[in-house]
Every structure is written in structure tokens, then in C-alpha cells.
Amino acid sequence: MLEDAKLLDEDYEDGAGRRSWGTQINIDGVSYATSLFWQPLQNSNDYMQEVEEASNGILEGADLFCIKDGKAPQFGICVSHEGFKNGQSVAAVALATSLSSISSFVAVFKVKEGWWYTCIRNDIILSDGDMLFLTEEEAKSQFMSMMAVPDWGKKIAPKEWEIEDTEELEIEEVIQRGARVRLQKIRGLRGSKLVLVVAISAIVGIWLVSTLIDKLFLTPAKRPVVVPVRPKVVQQAPVKEMPKPWEKIANPKQVMQNCYEGITQLAAIMPPGWTIGNLSCADNAVATSWKRNIGLLSWAETALERSGLQFTGYTFDTTGSSLTASLPLQTIETISSPPEKRLVDLRNEINNKFQALGLSISLSEENKKIGGAAPVARGKGPKAAPKVVPVTIKALRFSFTSNYNPLTWADLLTKYSGLEIRLITYSPASDSWHYEGAIYVL
């Protein structure tokens with residue numbers, strides 16, 4: 001997610017200066033806001049600080065917001081003069097809660113106002129995953145760019161697009177099942193509400209002061225009863241630090257090299273009458289599938305055997321019309337690659353680099369706590385168990401799609417210390433590569 005970029009009107013305009021996106025759709029007489037800018041919410045109990053910071057930095061001038069609760073809390077912000085209204089229902093939250101059983105899906109709904117594109121990955125609405133396009137071409141192009149990403153729980157598209165493995169859903173039925181969350185004003189605690197909060201705080205403060213005075217000056221002091229107690233000797237448990245993930249990280253250059261070689265080897269297998277799907281590389285293995293058009297099962301099996309590759313395994317479905325195979329890759333060495341940059345500095349540097357390349361990239365902050373307090377043995381001697389100190393690890397997650405293969409990106413990405421490549425996919429249909437990973441930060 002492009003958290004640090006300041007988004008202005010011109011970011012959403014076409015070459016002629018006409019805005020190419022809309023702000024609302026009307027479903028059964030109810031107006032729903034679309035095209036909000038979404039960000040992860042770190043503190044669900046006190047979200048106003050994060051919302052206000054985003055309105056001053058990420059989306060300058062934003063004065064309306066909403067909160068999406070659930071497994072991955074988020075907030076969406078927008079600018080009222082673009083056409084958003086206070087109290088308006090939010091379409092993306094309604095859709096996300098309606099399809100909450102599906103953690104990842106990409107969808108385009110044809111509505112009378114245009115084509116509403118929504119993309120949710122691991123229960124997170126992507127920062128650019130809520131957009132009402134006014135032209136079908138832009139909506140379809142955005143949808144197809146995400147088709148290269150694997151493991152979608154559902155792919156939703158208009159039936160007339162005739163895209164394989166997609167289905168069309170009635171937006172009226174889906175959105176009405178979702179939660180009704182409304183836009184509200186940023187910095188809305190004003191007037192009578194503010195007076196009420198101040199009054200309650202004053203009453204509580206007076207009560208605390210009076211209670212303290214009563215205890216200190218008015219209540220007769222009691223003479224304590226002193227009972228001699230033999231002090232217990234408790235040996236302090238030694239402190240044990242959890243190993244950091246970057247101390248033993250898979251060499252990213254080798255990961256990209258192995259993924260490229262494995263993907264190209266699998267992509268070269270072309271059984272007659274069969275079509276290969278997307279190829280994905282993760283956990284030092286490459287997997288893909290083929291679908292039968294006019295070929296035979298035996299032709300596909302022969303093609304795998306003649307490839308000379310040592311598969312982890314391959315299986316046909318019950319109809320014999322789909323084949324899935326997995327190819328193990330060579331062992332990758334682990335290296336120590338500690339972080340060198342702060343999150344903000346790294347994010348700005350990567351955004352600037354991709355802007356210069358003319359490519360889009362999604363960036364988001366990742367906070368992961370490792371370790372915890374282990375049981376501590378009481379008493380003397382070496383039996384006291386070590387105490388494991390929990391540590392919060394921060395990283396900058398990234399994902400982008402490009403027509404350049406991993407060998408081209410290897411030198412550019414591996415210059416960042418703390419880099420971890422988590423997923424590489426290749427789409428033969430569009431001849432495009434998709435990359436996901438993280439860079440650990442200070």
C-alpha cells in the first residue's frame with residue numbers, strides 16, 4: 001500500500017484532465033460510497049490518531065472516514081468535495097463482510113454508474129482495491145493484472161467478459177447481506193459531545209481527589225502488625241533473546257534464480273491438447289496445473305515423463321481433465337541480512353524508484369511479535385528456566401506485477417538488506433510476473 005504518497009486529484013485523472021473514477025453507486029435506492037483509500041488499523045481502540053495522521057499525510061485534505069472491523073481491521077478515508085457524503089454507507093465494507101468466509105477475492109461488478117472493482121487479499125482491502133471505474137477498459141485491465149496472483153478464493157467478473165474460472169454474482173443480493181458502515185467526519189468530537197466528555201472527566205477527577213484526601217487526612221491510621229517472615233531466595237531467571245528472522249534468511253538472489261529456473265522448466269512442458277495455467281514458486285518448490293482441451297490423459301502423462309524432471313508428485317482430478325504437478329528446487333543457503341533502513345525512509349525510496357520506472361507497487365507495514373514469557377522455575381540452583389523476551393519485528397511488505405523475469409529484478413531488489421522473497425508467480429497467458437515479499441526495517 002502506498003502509505004506515504006500524497007494522493008491528489010490529478011492522481012486519478014486521465015490525460016485529458018477528466019476524472020476517470022466515480023465515488024458512489026446506487027443499489028436498490030441506497031447510495032454506497034466507493035473509491036475510498038484503505039489503510040491497516042494498528043489500534044482499534046484508539047483509531048482517531050491514525051485517521052488524522054492519514055488525512056494530513058497520505059490523502060491530503062481527507063475529511064471523512066469509516067472503520068472496517070474483523071480479522072484485519074482497517075480504516076478508509078476520502079474527501080467530501082469529491083462527492084462523498086457524511087452518513088453515506090460504504091460499499092467495500094458491505095461486500096467484505098458479506099463474503100467474510102472468503103479471505104481473498106477479486107471482483108468487478110457492472111453497475112449503472114460504471115464498473116466497480118474490489119480486491120481483498122488475506123482479509124485486507126488493498127489500498128487501490130476499491131475503485132469505481134467509469135470505463136470498462138480500465139476495469140478489465142485492472143482485473144486481469146490481478147489474475148496472475150494465485151490462490152484466489154473467488155474471482156467475480158461480468159459474464160460477458162468470458163474469463164475462465166470467474167463467476168458473476170448479483171451485487172444487489174451480495175451487498176445487502178453485508179454490514180452497514182457509514183462515513184463520518186474526521187475530528188468529529190466537537191460541540192456538545194466534547195462538553196460532555198470534559199464534564200465527565202471533571203467529575204471523575206473531583207471524585208479521585210476527594211477520595212485521596214479522605215484516605216490521607218481523615219481516616220485514622222492503623223498500626224501495622226509486623227510478622228517476621230523469612231525471606232525467600234528466588235534466583236532470577238536468565239534472559240534469552242529470540243533469534244531474529246533476518247539472522248537466517250533464505251538467500252533472496254538464489255530464491256529468484258531457483259524460481260526462474262523451475263518456472264521455465266515447468267512452462268516448457270506443453271502436452272498436446274492441454275493448456276498450462278499460472279505457475280507459482282514458494283517454499284522452494286514450483287507448482288502449476290494444466291487443463292485438457294482436446295487432448296488425452298495419457299498425452300499429458302507422457303509429456304511429464306519425457307521432461308526428465310523429478311516431481312514431488314502429480315495428480316489428475318476425478319474427471320482426468322485437470323493435472324496438477326509440483327517440482328522441488330535446489331537447496332538454498334541461509335544468510336544473515338539485518339535491516340538497515342527505517343520504514344518511512346525505505347518506503348519513500350521504493351515508491352520513488354517505482355515511480356521512475358513507471359510501475360505500480362503495493363506497500364504495507366507488517367508488525368509481527370515473536371517469543372513470549374516462558375514459565376520460570378522457582379527456587380535455588382540452575383533449574384530456573386530462561387525467560388524468553390518477546391520482540392516485535394517490523395517489515396515493509398511489497399507486491400507488484402511486471403513483464404520482467406526474476407533475473408532482471410534480482411540485482412535491483414537484493415540491494416536492500418533484510419529482503420525476503422515469499423512468492424513469485426508467472427502467467428503464461430499475459431507473459432507477466434508477480435512478486436511478493438518483505439524487507440525488514442529498523
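- Checked by atom type, the side-chain pair Ser80/Asp63 shows a donor-acceptor distance below 3.5 Å.
- Among residues two or more places apart in sequence or in another chain, the salt bridge (Lys or Arg N to Asp or Glu O under 4.0 Å) test is passed with Asp123 by none.
- Ring pair Phe354/Trp409: centre-to-centre distance below 6.0 Å.
- Ring planes of Trp274 and Phe316: perpendicular class, angle over 60° (limits at 30 and 60°).
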Quick one, Lys291 with Asp165, criterion salt bridge (Lys or Arg N to Asp or Glu O under 4.0 Å). Give me CA distance, side-chain angles, the key distance, then yes/no. CA-CA 12 Å; Lys291 288 193 174 181; Asp165 296 330; 2.9 Å; yes
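- Between the CD1 atom in Ile424 and the CD1 atom in Ile263 there is a gap of 6.5 Å [rounded to 0.5 Å].
- Within the model, atoms CD1 of Ile332 and CG of Asn251 stand 8.0 Å from one another, a figure rounded to the nearest 0.5 Å.
- Within a 6.0 Å radius of NZ in Lys415, other residues, nucleotides and ligands contribute more than 12 heavy atoms.
- Distance CD/Glu340 to CG/Leu346: 10.5 Å, rounded to 0.5 Å.
- A donor-acceptor pair shorter than 3.5 Å cannot be found between the side chains of Asn278 and Thr425.
- Using a 3.5 Å distance cut-off with no hydrogens or angles, the side chains of Gln142 and Glu138 do not pair a donor with an acceptor.
- For the ring pair (Phe, Tyr, Trp, His ring centres under 6.0 Å) test with Tyr426, the passing option among Tyr260, Trp433, Tyr404 is Trp433; the others fail.
- Rounded to the nearest 0.5 angstrom, Asn86 CG and Phe65 CZ are separated by 10.0 Å.
- Aromatic rings of Phe75 and Tyr47 (six-membered ring for Trp) have centroids beyond the 6.0 Å cut-off, not under it.
- Residue Gln49 qualifies as open at atom CD: its count of foreign heavy atoms under 6.0 Å is 12 or below.
- For the 3.5 Å distance criterion, the side chains of Gln42 and Glu50 fail to qualify, holding no donor opposite an acceptor.
- In this structure, Glu420 does not pair ionically with Lys368, as no charged nitrogen and carboxylate oxygen lie closer than 4.0 Å.
- Screening Val174, Ile171, Leu99 for a side chain to side chain contact (heavy atoms under 4.5 Å, CB included) with Ile156, the sole residue that qualifies is Leu99.
- No hydrogens or angles considered: a donor-acceptor pair under 3.5 Å links the side chains of Glu136 and Trp161.
- Annotation: salt bridge (Lys or Arg N to Asp or Glu O under 4.0 Å) contacts of Lys253 (sequence neighbours excluded): Asp411.
- Judged as a side-chain hydrogen bond (donor to acceptor under 3.5 Å, both in side chains), the pairs with a partner in residues 166-175 (not counting sequence neighbours) are, in order, Lys154-Glu167.
- Side-chain N/O atoms of Ser31 and Gln88 include a donor and acceptor closer than 3.5 Å.
- Counting non-hydrogen atoms of other residues, nucleotides and ligands closer than 6.0 Å to NZ of Lys394 gives a total of 12 or fewer.
- Side chains of Ser289 and Thr324: no donor on one and acceptor on the other come within 3.5 Å.
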Please test Asn293 against Thr275 for side chain to side chain donor-acceptor pair (under 3.5 Å), starting from the C-alpha separation and ending with a verdict. CA-CA 7 Å; Asn293 295 324; Thr275 303; 2.5 Å; yes
